[in-house]
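Letters A, B, ... mirror the listed sequences (proteins, then strands); counts begin at 1.
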Amino acid sequence: MLGQLGEGAKLLAGGQSLIPLLKLRFANPEHLVDLNFISGTSFIKDAGSALRFGAMTRHAEFENAPLARRIPVLHDCASGIADVQVRNRGTIGGSLAEADPSGDWANALLTLDTTIHCLGPNGTRAIQLKDFITDAYTSALAHDELVSEVEVRIPPAGSGGAYVAFKRSAPVYPSASAAVQLTLVDDVCQQAAIALGCVGLTSIRATEAEAEMRGKRLDDKTIATAAEAARAVADPQSDMRGSVEYKRQLVVALVKRAITIATRRARGEQVEGTHLYA
Amino acid sequence: MPEAATIEKLAVQIKVNGKTYAREVEPRSLLVEFLREACDLTGTHVGCDTSYCGACTVLLNGLAVKSCTILAVQADGVEITTVEGLEKDGQFHPIQKAFGESYGLQCGYCTPGLMLSAHQLLSKNLEPSEDEIRNALAGNTCRCTGYMNVFKAIRIASRNMREG
């Protein structure tokens, strides 16, 4: 159908980003193809070494799914997106395809081994998340393709992750966000991934900050050094949510908090609650 | 003079508060417009129209949604509950009674949305914690009350609903 309708067609998933855009006349598609009537597109499956999600799985479904808690950062992310009403409609596939620079899913999933399965008239293809979102509001999807599934590999034993976002109020996008995923062996950090959201055209991996953590015990000093290294990588714009300096400072605080929670979880502790409000 | 484009209308059947409404709507028409204009149920309000305030909140198959952010055609075949659907046999719902008795409203504009969000919360959890109440209402903005009596109303409603 997308092939027949051509470039003037847009896909409608949860509609929580697209419909506001339509109302503001920032988007003017000739046709809308509503994915909500297709059955079997919303699921959370245990695929052994990975979890697989249907693209139309609502944020609220992740929030309430015990299986999603196997990777705690998924629950952190889903339970804090906007508010109850938006979470009841918004979908993971829609969020990733929209590729908003402030989108929660893209940022959280960038710290995990995430594959986006896409479906088009010529069949399926699998794209790693880091290659799927190429620019602000730009994904690798062709106009006649859609996201069908998201696959996330389960991290190894000794891993912990966290997603922390700061919002001025519930219904808005975060002012800044930080996702951390790390693995400890004998309490020494073997692997670390840090992704910063809302402070660039896309989510940014803070690779220098990650390097500061590798091979070290994660005490306060190491965490502070890593968080400072993240400051330099953030590339925010000044806007209603804050000035450049404010957002950089926020990033440092969020990275510190996310590393601390991720470390506690890697040591086996249960830690709840991660979206922060003004 | 240029010809105006004719917009082809689509037929929808939406059950609202137990009654089915079969209407023809423009594809661009929003669910809140359908409820207010086609169903004549004006208890659902348009506040910000930018998907923030939640004054337009209704229940769609039991789940709270912002009706200004859903197209009417997307609601074909679903069950909607609006604030008008809370009362039963001329009796207020415990949530409505509690809001009234606790001064949980002043101008009343946000109130239908708040009560329906509260309904989703209490339909899944009759003993919500303070944090759970706040989280459930985070998508509903009130400019009048400062929220404290709203939370009180929900605590009272939850207790009354528990005791039956």
So which of B:Thr50, B:Val73, B:Leu60, B:Asn140 has the largest heavy-atom pair count under 4.5 angstrom toward chain A?
B:Asn140
Checking heavy atoms, do the side chain of A:Leu32, its backbone, both or neither come under 4.5 Å from chain B?
side chain
Name the member of A:Ile19, A:Val172, A:Leu12, A:Val84 that forms the most heavy-atom pairs with chain B at distances under 4.5 Å.
A:Ile19
Under 4.5 Å from a heavy atom of chain A, the part of B:Leu30 involved:
side chain
Cut-off 4.5 Å, heavy atoms of chain A, and the answer for B:Thr57 is side chain
Taking every non-hydrogen atom, the tightest pair across B:Tyr52 and A:Ser169:
OH-OG, 2.7 Å
Side chain, backbone, both or neither of B:Cys53 within contact of chain A (heavy atoms, under 4.5 Å)
neither
Is it true that atom NZ of B:Lys97 has more than 12 heavy atoms of other residues, nucleotides or ligands lying nearer than 6.0 Å?
yes
Which answer fits B:Leu137, side chain, backbone, both or neither, if we ask what part of it has an atom under 4.5 Å from a heavy atom of chain A?
neither
Of all the heavy-atom pairs spanning A:Pro20 and B:Thr69, show the shortest one and how long it is.
CD-CG2, 3.8 Å
Heavy atoms from other residues, nucleotides or ligands near CD of A:Gln237 exceed 12 (cutoff 6.0 Å):
no
For A:Phe37, is the CZ atom crowded, meaning more than 12 foreign heavy atoms sit under 6.0 Å from it?
yes
Can you check whether B:Gly139's main-chain N or O pairs, donor with acceptor, with A:Gln85's side chain at less than 3.5 Å?
yes
Given that the side chain runs from C-beta out, which part of B:Asp49 has a heavy atom under 4.5 Å from chain A: side chain, backbone, both or neither?
both
Over 12 non-hydrogen atoms of neighbours within 6.0 angstrom of CD in B:Glu130
yes
To the closest 0.5 Å, what do you measure between NZ (A:Lys23) and CZ (B:Arg28)?
13.0 Å
Interchain contact, B:Ser117 with chain A, by part (heavy-atom threshold 4.5 Å):
side chain
Is the CD atom of A:Gln270 crowded by more than 12 outside heavy atoms at less than 6.0 Å?
no
Indicate yes or no for a side-chain donor-acceptor contact from A:Asn88 to the backbone of B:Ala64 under 3.5 Å, with no hydrogens or angles considered.
yes
Can you confirm whether more than 12 heavy atoms, excluding those of B:Phe92, are under 6.0 Å from its CZ atom?
no
Test side-chain contact (heavy atoms from CB on, under 4.5 Å) applied to A:Arg89 and B:Leu63, step by step:
CA-CA 9 Å; A:Arg89 296 294 292 174; B:Leu63 295 177; over 6 Å; no
Testing the basics here: between A:Ala13 and B:Gln74, what is the closest heavy-atom pair and its distance to 0.1 Å?
O-NE2, 4.1 Å
